[in-house]
Amino acid sequence: CIVGGLPVNNVLSYTQEIDVCFDWIPSTSTYDPVHSGRYTLEPYLYNDRAVWARNDTDVTGDFTYYIYFSIRWRYWVIDRSFSESFNVPYEGACLNWRDFEPWNCTEWWYSGTEYSTMTTNCTLMPTTSPTPDPTTQPTLNPTVSPTYNCPARQTYVTAEATAFVPFYTMTTTFVNFPPYYYPELYATGLVLFENDNQILFNQSNPCDISTWGEDRTFYDNQIVMITYDSNVNTWCSVQEWTLNLENYANVIAVLIAN
């Protein structure tokens, strides 16, 4: 779990223009001309962060690629459209969510196990790749993205009470957004969010720390389990529940029970 609160934007002047080179196959150092190019600062924000777009005159191809920040997943994203999809079908994602510019992202992930390297202020190379079909200019509204097949990454959590009751084994799905997860935990304490107090908008609301009744020490060095509630999810995202707990106490992990 990452501890230290929400990041603060200390960028005084955003990068106006930068040459970026991607290598989608690091083991063979294959230059990727589709996503490489000159990226220019756009005159608008997306999710309260700056956006850069590739200048198509620098490379072959008519696709416009954008680098922007996804508030749902807390990624820097490179893609042809703006999206906050649950499927996360982005063409590349950088995990440096605390940075307010993406140029320190040396690794851009395009699957759960594969990534590309990125260098900046590099020499752009010509391409002989076929020109892709043109795409329409994206809007700032979320767009429907295609679903890509990817291998499921699951782990198993055994929860056992201190009293003499049966233990339960739960299957958990890998969630790829900061603060990620620990690969292995042994005999770690687990507490219920707000000691299983009823969640209401003005009471024990995971979206609003001021409504919590339990002290920080209740959560310190514990896994905190919150029962998923679709109504509460309309108040704020599950990621915000996680962030609030991260900022409130030294939690080891957050387990969403569904």
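If you're wondering where the values come from, they're calculated on a predicted model, not measured in any experiment.
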Looking at F201 and N205, what are the two nearest heavy atoms and their distance? O-ND2, 3.1 Å
Between N47 and Y68, is there a side-chain donor-acceptor contact under 3.5 Å, judged purely by atom types and distance? no
How long is the span from the CZ atom in R38 to the CD1 atom in I18, to the nearest 0.5 Å? 10.5 Å
Just to verify, which of T211, N197, D196, N195 counts as forming a side-chain hydrogen bond (donor to acceptor under 3.5 Å, both in side chains) with S204? N197
Kindly work out whether a path of hydrophobic side-chain contacts (I/L/V/M/F/W/Y, heavy atoms less than 4.5 Å apart) joins W235 to L200. no
Say whether Y65 and E91, considering side chains only, have a donor N or O and an acceptor N or O under 3.5 Å apart. yes
Search all heavy atoms of L190 against all heavy atoms of Q222 and return the closest pair with its distance. N-OE1, 3.4 Å
To check you understand the geometry: which heavy-atom pair defines the closest contact between C207 and W241, and what is its length? SG-NE1, 3.8 Å
Here the gap from I256 atom CD1 to D229 atom CG, rounded to the nearest 0.5 Å, amounts to 11.5 Å
Measure the CG-SG distance between D208 and C236 for me, rounded to the nearest 0.5 Å. 9.0 Å
For F193, run the side chain to side chain contact (heavy atoms under 4.5 Å, CB included) check against V254, L255, L245 and tell me which one passes. L245
For the backbone of D220 and the side chain of N250, can you confirm whether one donor and one acceptor N or O come within less than 3.5 Å of each other? no
Testing W103, Y39, Y66, F69 for ring-ring contact (aromatic ring centres under 6.0 Å, His included) with W52, which one passes? W103
How about I199 and E194: do any of their side-chain heavy atoms sit closer than 4.5 Å? no
Looking only at atom types and distance, does a side-chain atom of T117 sit under 3.5 Å from a main-chain N or O of E107, one as donor and one as acceptor? no
Which distance, rounded to the nearest 0.5 Å, do you find between the OG1 of T242 and the CD1 of I226? 6.5 Å
So, the side chain of Y90 versus the backbone of S83: is there a donor-acceptor pair under 3.5 Å, distance only? yes
For the backbone of S70 and the side chain of Y46, can you confirm whether one donor and one acceptor N or O come within less than 3.5 Å of each other? no
So which heavy atom on N244 is nearest to which on P206, and how close? ND2-O, 2.8 Å
d(W76 CH2, N96 CG) to nearest 0.5 Å is 10.5 Å
Heavy-atom side-chain contact between I67 and W108 under 4.5 Å: yes
Are any side-chain N or O atoms of Q203 and backbone N or O atoms of Q198, one a donor and one an acceptor, separated by less than 3.5 Å? yes
Quick one: does R74's side chain get under 4.5 Å of L243's, heavy atoms only? yes
Rounding to 0.5 Å, atoms CG (D79) and OG1 (T64) come to a distance of 12.0 Å
Which atom pair, heavy atoms only, marks the closest approach of W97 to P7? CZ3-CD, 3.8 Å
Evaluate whether atom CG of D48 has more than 12 neighbouring non-hydrogen atoms of other residues, nucleotides or ligands under 6.0 angstrom away. no
Donor-acceptor pair, side chain of E101 and main chain of V11, under 3.5 angstrom: no
Quick check: closest heavy atoms across R49 and D99, and the distance to 0.1 Å? NH1-O, 2.8 Å
Just so I know, are the side chains of T120 and T15 near enough to count as touching, which here means a heavy-atom distance under 4.5 Å? no
